[in-house]
Structure formats: C-alpha cells, structure tokens
> 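For reference, the structure I am asking about is given below.
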Amino acid sequence: MDGRPLLFLDSGIGGIPYCLDFSLANPGEPVVYAADRLHFPYGKRGKDDLVSIVLSLMGRLVPLVDPKLVIVACNTASVSALDGLREAFPGLPFVGTVPAVKPAAAGSKKRKIGVLGTERTVEGEYLAGLIRTYGNGCDVTALAAPDLVEFVEHRYTGSGAEERRNAVLPWVRRFRDAGVDALVLGCTHFLFLRDEFRREAAPGITVYDSVSGVSGRAAALFDERDLRAGVPPGAGKKPGLLVITGAEAPESSWLRWADYLGFRLALLEDM
Ligand code: DGL
C-alpha cells in the first residue's frame with residue numbers, strides 16, 4: 001500500500017477528464033493535478049524545447065509532490081518527452097497518453113482513420129511510429145487543430161451548446177470528406193468536446209479516445225506494484241491539489257476549476 005499521490009500533468013485543463021475518470025474508478029486515491037499554463041500551448045513547440053520544459057517541470061514537481069505514479073495526461077508531452085522522463089526518473093512509473101490509433105485502426109471497416117491533435121503530435125515521429133506499428137495498413141488523415149485547443153482552454157467554460165457544436169463541425173466535415181469511419185481524439189483537450197464530436201460524427205464515423213485505456217493502465221500498475229492507497233470505503237480521502245505554473249496570483253478561472261474538482265489551488269512558485 002502506498003498513500004502518496006498520483007500526479008497528472010498537462011499544459012492546461014486537458015488532463016482534467018482523465019483525472020476525473022481515474023478518480024471515479026479509484027476513489028480514495030490522493031491526486032495532484034499540475035497545469036503548466038506558463039508554457040501553454042505545448043502543441044506549437046518544437047520537440048527539444050518541449051522535452052526540456054517537461055523534464056524541468058517534473059524535476060521541480062517530483063521532490064515537492066513525491067508521486068507514486070505520473071500520468072502524462074497530454075498527448076503532445078507524451079509523444080515528445082515520455083522516453084526522456086522515464087530515463088530521468090528511473091523507478092517512477094509514467095503512464096503516457098497517446099492517440100488511440102490501435103483500436104481505431106482495428107475498428108475501421110473502410111480502413112481509413114482520422115487523427116485530430118496538436119501540430120507537434122500530428123507532425124511528430126511518434127505518431128508515424130504508432131501508425132506503422134498499429135495502423136493495420138489504414139490510410140490515416142492526421143490534422144492539427146490548435147484553435148480548438150485554444151477554444152477549450154480559454155472559452156469552453158461558459159460556452160453554449162451551439163458554440164461547442166460550431167467548434168467541432170468543421171473538423172468533422174473535413175474527416176467526413178476524407179472518407180474516414182474512425183476518428184481519434186488525439187489531444188486531451190478535445191475530451192471536453194467528446195459528446196459533440198460523437199453527435200456530429202454519427203452516423204458513419206466512430207470516435208475513439210484514450211481515457212479508459214489510460215485509467216486502466218494506471219490501475220493495472222497500481223495492482224502490479226502494490227501502489228493502492230488502501231483507504232477504506234467511506235473513510236474520506238485527502239483533498240486533491242491543483243498546481244498551476246507561471247501565475248503570480250490565483251486566477252479566477254483556475255479557482256473555479258479547483259472549486260469544481262474540490263481541490264486546493266497552489267501556485268508552483270509558492271510551493
Ligand atoms: N492537451 C495537450 C495534448 O493532449 C496539448 C495542448 C497544448 O497544445 O498545450 O496534446
């Protein structure tokens with residue numbers, strides 16, 4: 001048993017759906033969520049830049065948080081820096097979040113799949129490798145949607161149904177025009193729009209994501225390595241912690257997220 005927290009990392013709010021999914025299935029597990037808003041958006045950065053940002057952030061967080069496992073709840077950071085993280089922190093298990101190419105390629109009858117991600121993810125070597133290994137010979141249309149990342153990060157809260165629908169529609173249209181019947185949400189921010197994607201993509205296009213795969217992988221590692229906190233049901237758990245980088249004072253949008261999650265908000269600089 002291990003009462004240390006599980007650490008989630010993203011450039012912003014993208015990892016929150018992953019954090020909620022995991023926490024729902026594993027109540028009693030203490031959680032820290034780190035949002036590197038100072039370096040948002042990750043998707044516009046080159047690989048070397050991103051590797052050094054993520055490694056140095058982890059170098060600050062690990063001694064402060066002492067996590068038992070890290071979920072890199074960001075495709076962009078995972079495809080760029082996962083190897084570097086594992087090398088730099090041997091003994092600390094990392095679960096990455098990468099586009100769900102394998103199930104999408106297995107499920108595609110037309111053998112045409114789409115991947116929607118950030119520039120860094122869709123142009124990077126990691127996705128090309130995933131497609132070679134798990135693409136099942138499918139044609140892959142990979143598109144970058146930086147505007148959609150910005151929409152989720154800055155305008156999702158408070159947006160109306162019509163606005164959300166209009167945000168996903170042009171992307172669904174492009175994939176439909178490309179003839180795909182399987183669409184991978186390859187950026188964690190897009191999980192906030194999963195219902196909209198599913199609605200607009202039906203009929204004909206099935207939407208895939210990595211949420212349950214990531215939670216399942218983390219839970220399996222918990223069991224393999226005896227990492228569960230072992231809090232008895234109903235005993236209550238430590239409140240989570242939401243850490244943000246680069247802010248001089250708690251910002252109202254992040255205070256609202258902390259409130260929504262029931263987490264305490266901390267500025268990395270003050271920890
Ligand atoms: N949420 C991140 C991902 O899954 C990236 C967003 C960004 O560009 O910072 O790729």
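First listed ligand is number 1; within each ligand, the first listed atom is number 1.
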> Centroid separation under 6.0 Å, is that true for the rings of Phe40 and His154?
yes
> Considering both backbone and side-chain atoms of His189, is one of its nitrogen or oxygen atoms within less than 3.5 Å of a nitrogen or oxygen in ligand 1?
yes
> Could you tell me whether Lys44 and Glu150 have a side-chain N and a carboxylate O separated by less than 4.0 Å?
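Glu150 and Lys44: not salt-bridged.
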> Salt bridge or not for Lys110 and Asp181, using N-O below 4.0 Å?
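The answer is no: the pair does not qualify as a salt bridge.
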> Taking the six-membered ring for Trp, are the ring centroids of Trp257 and Phe192 within less than 6.0 Å of each other?
yes
> Not counting sequence neighbours, which residues clear side chain to side chain contact (heavy atoms under 4.5 Å, CB included) with Ser80? List them please.
Lys47, Leu50, Arg120
> What is the nearest protein non-hydrogen atom to atom 7 (C) of ligand 1, stated with its residue, atom name and distance?
Tyr42 N, 3.3 Å
> How close does the nearest protein non-hydrogen atom get to atom 8 (O) of ligand 1, and which residue and atom is it?
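I find the closest protein heavy atom is Gly43 N, 2.8 Å.
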> Distance under 4.0 Å to a non-hydrogen atom of Val149: what atoms of ligand 1 satisfy this?
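Close to Val149: 6 (C), 7 (C), 8 (O).
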> Residues two or more places apart in sequence or in another chain: which of them pass side chain to side chain contact (heavy atoms under 4.5 Å, CB included) with Leu169?
Arg165, Asn166, Arg173, Glu200
> Is any N or O atom of Ser11, backbone or side chain, closer than 3.5 Å to an N or O atom of ligand 1?
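Ser11 vs ligand 1: N/O contact under 3.5 Å present.
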> Taking only heavy atoms of Asn75 into account, list the atoms of ligand 1 that are under 4.0 Å away from them.
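Going through ligand 1 atom by atom, the ones under 4.0 Å from Asn75 are 3 (C), 4 (O), 10 (O).
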> Looking at Arg37 and Glu251, does any basic side-chain N land under 4.0 Å from a carboxylate oxygen?
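Here Arg37 pairs with Glu251 in a salt bridge, since their nearest N and O are under 4.0 Å apart.
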> Taking only heavy atoms of Phe40 into account, list the atoms of ligand 1 that are under 4.0 Å away from them.
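Listed by number with element, the hits are 9 (O).
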> Given Gly15, Ala35, Cys74, identify the one with the heavy atom nearest to atom 2 (C) of ligand 1.
Cys74
> Any atoms of ligand 1 less than 4.0 Å from a non-hydrogen atom of Asp10? List them with their elements.
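Heavy-atom distances to Asp10 below 4.0 Å select 1 (N), 2 (C).
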> Ignoring hydrogens and geometry, is there a side-chain-to-backbone donor-acceptor pair from Asp2 to Arg228 under 3.5 Å?
no
> Quick test: of every protein heavy atom, which one is nearest to atom 5 (C) of ligand 1, and how far off is it to 0.1 Å?
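Sorting protein heavy atoms by distance from atom 5 (C) of ligand 1 puts Thr76 OG1, 3.5 Å first.
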> Considering only heavy atoms of Thr188, which atoms of ligand 1 have at least one such atom less than 4.0 Å away?
1 (N), 2 (C), 3 (C), 4 (O)
